[in-house]
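The structure appears right after this line, and notes come after that.
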Amino acid sequence: MSVPDYMQCAEDHQTLLVVVQPVGIVPEENFFRIYKRISSVSQINVRDSQRVLYIRYRHHYPPENNEWGDFQTHRKVVGLITITDCSSAKDWPQTFEKFHVQKEIYGSTLYDSRLFVFGLQGEVAEQPRTDVAFYPSYDECETVEKRIEDFIESLFIVLESKRLDRATDKSGDKIPLLCVPFEKKDFVGLDTESRHYKKRCQGRMRKHVGDLCLQAGMLQDSLVHYHMSVELLRSVNDFLWLGAALEGLCSASVIYHYPGGTGGKSGARRAQGNSLPAEAVNRHRPGAQEVLIDPGALTSNGINADTSAEIGRAKNCLSPEDIIDKYKEAISYYSKYKNAGVIELEACVKAVRVLAIQKRSMEASEFLQNAVYINLRQLSEEEKIQRYSILSELYERIGFYRKSAFFKRVAAMQCVAPSISEPGWRACYKLLLETLPGYSLSLDPKDFSKGTHKGWAAVQMRLLHELVYASRRMGNPALSVRHLSFLLQTMLDFLSDQEKKDVTQSLENYTSKCPGTMEFITLPEGLKLPPVPFTKLPIISLLFNPLPTILDYLLELKKKSDLIGNKFYQVSLGDSNSLSFVCGRFFNIYFQWVQGDVCEVQLMVYNPMPFELRVENMGLLSTGVEFESLPAALSLPAESGLYPVTLVGVPQTTGQITINGYHTSVFGVFSDCILDNLPGIKTNGCTVEVIPALPRLQISTSLPRSAHTLQPSSGDEISTSVSVQLYNGETQQLVIKLENIGTEPLEKLEVTAKTVNSKEKLYGEFLSWKLEDTLSQFPLKPGKIATFTVNIKVKLDFSCQENLLQDLSDDGISVSGLPLSSPFRQIVKPRVESKPINPTESSKVGDFSHVKTLEAILNFKYSGGPGHADGYYRNLSLGLHVEVEPSVFFTHVSTLPATSTRQCHLLLDVFNSTEHELTVSAKKNEDLVLHAGECQR
């Protein structure tokens, strides 16, 4: 016996083997269509009996296996059904002759045969025949199942006659010696009259009768015959047949204990109407004893009715534990014979199926390990694939999933062995897919984003590489890209630097011909491969700092109801409305986006690759409002660390918009990365309200930008600041250009001013303007510029400047009396910010320690377009930094004697503390001209 049947199970011992084959040329589709209908009749109830007959169908069966039919009768082909096409009567004789030729192949063991002829009509088809059935076509054959039932009944008649013939053999008759093929030459010349020889013949025949009883549905009888056979064969050390008797005893006991079968199809072999289920409650009681029945209790019709109850109580059936022990013993006997390798292998498989039901995985693995090392003849590649696939299936049944995956992967590699002229890459790929669960691997990237990694990463990467190669050899580049993308995304942490370079280079080669997409890939088997977004290329990390405080301008969005005493919120913006992720969440601040404006989302990204990472077409993903994403391109250095990235887009309509992710293109693979799937981000998106369009102002001034950063105590933020230096009492104009850089006309403008961070007392109005001149230019259309003039006038008190007076005294100026400060002066040019190095040569001017600072904020509230109609406006702030220096001092005060009771004379020493010439004017007096550092009375 050379061809193992890996699908064998213990209950197959009670089946009759029927071969169904085509005769001549029969379309494969039609043949299997009829074969399916024939094989559906797998069991029938015997008339006038409680027995059930089971049939096992095969469409291919090696004739050499049939030679072992005496050893185990379920291996014997007892029925042959042939299917043929015959369209004309003249072809009928030739067709019928082929049928006879087919019968001769299994002729020595056949009980009966049938020929189903399709397509033949007329006189030949109308002749009544028992062995031939004629049908007009494959669609008009309603009686196929009925003819099969009649055929099985004819098989039963022959089987029953053979059983009765064997069972009624008298002890005085000469019993033939049953042999397996390789034994016949060994028994030539033996003494056939010896007691040893006769016991051997009796034991083998008793085992053979047990097989026939089991096939005939007489379970208890078969148990008795097997027990008797075991005793006879053990006494003569007939180990091969002793193993067969033990295996038969195990099979009958398995059928008794597990009427549902062990082949994996629950209920497929459940007996109908027999008396066994009544004792099912006691079947699994451990320690059941083997009690032999007196052969006198057996009759030609089976067990004597008077002793049937006793037999039921005697429990000839093995216990579940004893079944495995007897299997081990039988296999040990088989292993003594090199030619019984197939029998030994199949017995191991049957034992494993039983152990799987008993949930005894470790013992089952021992049987399987033994099966792996059984040497058979040189197997074909197809037989190797089948062997490894069945081993994988059995390991899976006992819960050894990784071992199962190993053998299935070996079977996959066998499909493309070098010795095969046409490698089966599709079969290889299909088997590789089936190994994934055993290696804790799935093709859904979401399974790898939660928790720790499961499984051996090195084995998983090897398997993924094999999937990539198999899919490429199948001619499916899209599948190769998907698997390679999955490898890079899920195994990135386990790849070495060189492996990262190799994988990405291969991926770029594949995507140059077939770019990676976000579409599902449906395989022929119906499996759908989900898309693989590159959420780790680059890695989106956390942003620990909020948006910058110094920006181009400030945006405040308010409703009309917010203007009256209600608290409002503001957010700083770069040239747009901005969002930031802070500590893994969106920056928790209230703001709104404006229709038609460029809006921003700020991310922090990290390049984990050991080389420069080029990210193309990176943009935002959103739902809700129609949104135009403006993609960006990045080039991140190797292992760059945190790198800020700003993604922008323009909302086209109003309403609610949810930013829920971003899209990229890396190595030719397009990815849609949803925030909910990112392990470092604790949000599934941020919803922002988009309000109607508003104008947008950009300001420029006649003064230079300030190097000082205003830090107002109120928490206001300044978009830009300007600075100016003035002498006390000086007035200067600030010309502001208002440019409408938006798309909506500017219709409304409000200007307010607020002094901040100043403890100085101001005299007069610090900032003043006339808004009417600017409003006369409204509505300001897009692209137009309006001017706005602000008058800056500083009047501060520089009295009590003790340090200054001390400096003046040191310079030889006589200071007496009460020092006073004068706020009056003429227009001067800006002072030179320098101080002589040599104090002795210093001019009579004040130094920087006497400069006072004023800071103010100009706030522009403006609106227009559809946003103005809904009550929204923008807020733009300008910071003003003013440094004020003193101009003149009255250094000495004295009086002259009065010459009249109506007036007196006051003498003042006036000191010019500036570097410029100035004129002091008084009523009814001439102007007094003072040079830089000069003092006059």
Side-chain angles (χ1 to χ4, degrees), residues 8-14 71-72 74 203 206-207 210-211 214 219-220 222-263 276 279-280 282-293 311 314-337 340-341 343-374 394-395 397-400:
Q8 282 265 327
C9 47
E11 54 269 24
D12 285 344
H13 283 248
Q14 69 177 344
F71 182 74
Q72 290 175 325
H74 73 282
R206 187 63 66 181
K207 185 266 171 192
D211 288 349
L214 189 59
L219 182 61
Q220 292 288 4
S222 68
L223 286 168
V224 173
H225 285 293
Y226 286 137
H227 276 296
M228 295 173 63
S229 173
V230 168
E231 294 301 321
L232 289 169
L233 295 171
R234 196 187 299 276
S235 65
V236 295
N237 292 334
D238 192 355
F239 295 120
L240 181 62
W241 286 76
L242 175 58
L246 289 171
E247 187 182 353
L249 186 59
C250 292
S251 298
S253 301
V254 168
I255 293 169
Y256 181 80
H257 283 289
Y258 309 105
T262 62
L276 298 181
E279 303 175 13
N282 298 321
R283 292 180 184 176
H284 298 280
R285 183 174 62 84
Q289 298 178 353
E290 299 178 17
V291 180
L292 293 181
I293 301 304
I311 292 173
K315 289 191 173 54
N316 290 275
C317 181
L318 299 178
S319 68
E321 292 79 7
D322 290 336
I323 290 174
I324 304 305
D325 292 338
K326 297 305 179 185
Y327 263 125
K328 289 181 180 179
E329 185 180 355
I331 291 170
S332 70
Y333 293 145
Y334 290 150
S335 65
K336 297 177 182 292
Y337 299 89
I343 304 296
E344 180 187 358
L345 176 61
E346 292 181 357
C348 289
V349 171
K350 297 169 191 174
V352 170
R353 296 187 188 277
V354 176
L355 285 167
I357 292 181
Q358 296 179 357
K359 301 186 184 305
R360 296 160 65 179
S361 299
M362 293 305 297
E363 293 179 71
S365 68
E366 294 176 5
F367 280 94
L368 278 176
Q369 194 68 22
N370 181 63
V372 171
Y373 292 109
I374 294 176
L394 293 174
Y395 271 114
R397 288 194 64 183
I398 64 175
F400 284 40

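FYI, side chains are in, hydrogens and waters are out, and symmetry mates aren't considered; it's all heavy atoms of this structure.
Each of Ile323, Val254, Asp325 was checked for a side chain to side chain contact (heavy atoms under 4.5 Å, CB included) with Leu318, and the lone residue meeting it is Ile323.
For Glu11 (side chain) and Thr262 (main-chain N/O), a donor-acceptor pair under 3.5 Å exists by modelled atom type. Panel note: side chain His227, backbone Leu249; no donor-acceptor pair is recorded below 3.5 Å. Between the His13 side chain and the Leu214 main chain, no donor and acceptor come within less than 3.5 Å of each other. Looking at Ser229, its side chain never comes within 3.5 Å of a backbone N or O of Tyr226 through a donor-acceptor pair. Without hydrogens or angle criteria, Arg353 side chain to Gln8 main chain gives a donor-acceptor distance under 3.5 Å.
Pairing each heavy atom of Ser365 with each of Tyr395, the nearest pair is O-OH, 4.1 Å. Between Tyr256 and Cys317, the shortest heavy-atom contact is CD2-SG, 3.4 Å. Counting all heavy atoms, side chain and backbone alike, Ile255 lies closest to Ala10 at CD1-O, 4.4 Å. Taking every heavy atom of both residues into account, Phe400 and Ser361 meet most closely at CE1-CB, 3.7 Å. Minimum interatomic distance between Ala371 and Cys348 (heavy atoms only, all atoms of both residues): CB-CB, 4.0 Å. Heavy-atom minimum distance, Gly341 versus Ile374: O-CG2, 3.7 Å.
You'll find the side chain of Val349 stays beyond 4.5 Å of the side chain of Phe367, heavy atoms only. Ile398 has its side chain out of reach of Leu355: every pair of non-hydrogen atoms, C-beta onward, lies at least 4.5 Å apart. In this structure, His257 and Ile357 have side chains that are not in contact, with every pair of non-hydrogen atoms separated by 4.5 Å or more. Between Ile343 and Leu240, every side-chain heavy-atom pair lies at or beyond the 4.5 Å cut-off. You'll find the side chain of Ser222 reaches within 4.5 Å of the side chain of Leu219, heavy atoms only. Between Phe239 and Glu329, the closest side-chain pair of non-hydrogen atoms is not below 4.5 Å. Under the 4.5 Å side-chain criterion, counting only non-hydrogen atoms from C-beta, Leu246 is in contact with Tyr333.
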Full working for side-chain contact (heavy atoms from CB on, under 4.5 Å) between Lys350 and Asp12: CA-CA 10 Å; Lys350 297 169 191 174; Asp12 285 344; over 6 Å; no

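Judged by distance alone, the side chains of Ser251 and Gln14 never bring a donor and an acceptor atom under 3.5 Å apart. No hydrogens or angles considered: nothing links the side chains of Gln358 and Glu363 as a donor-acceptor pair under 3.5 Å.
The distance between the ring centers of Phe71 and Trp241 falls below 6.0 angstrom.
Taking OH of Tyr373 as the start and CG of Leu368 as the end, the distance is 12.0 Å to the nearest 0.5 Å. In this structure, Ser253 OG and Asp322 CG are separated by 8.5 Å, a value rounded to the nearest 0.5 Å. Note that SG of Cys250 and NZ of Lys326 are 8.0 Å apart. Values are rounded to the nearest 0.5 Å.
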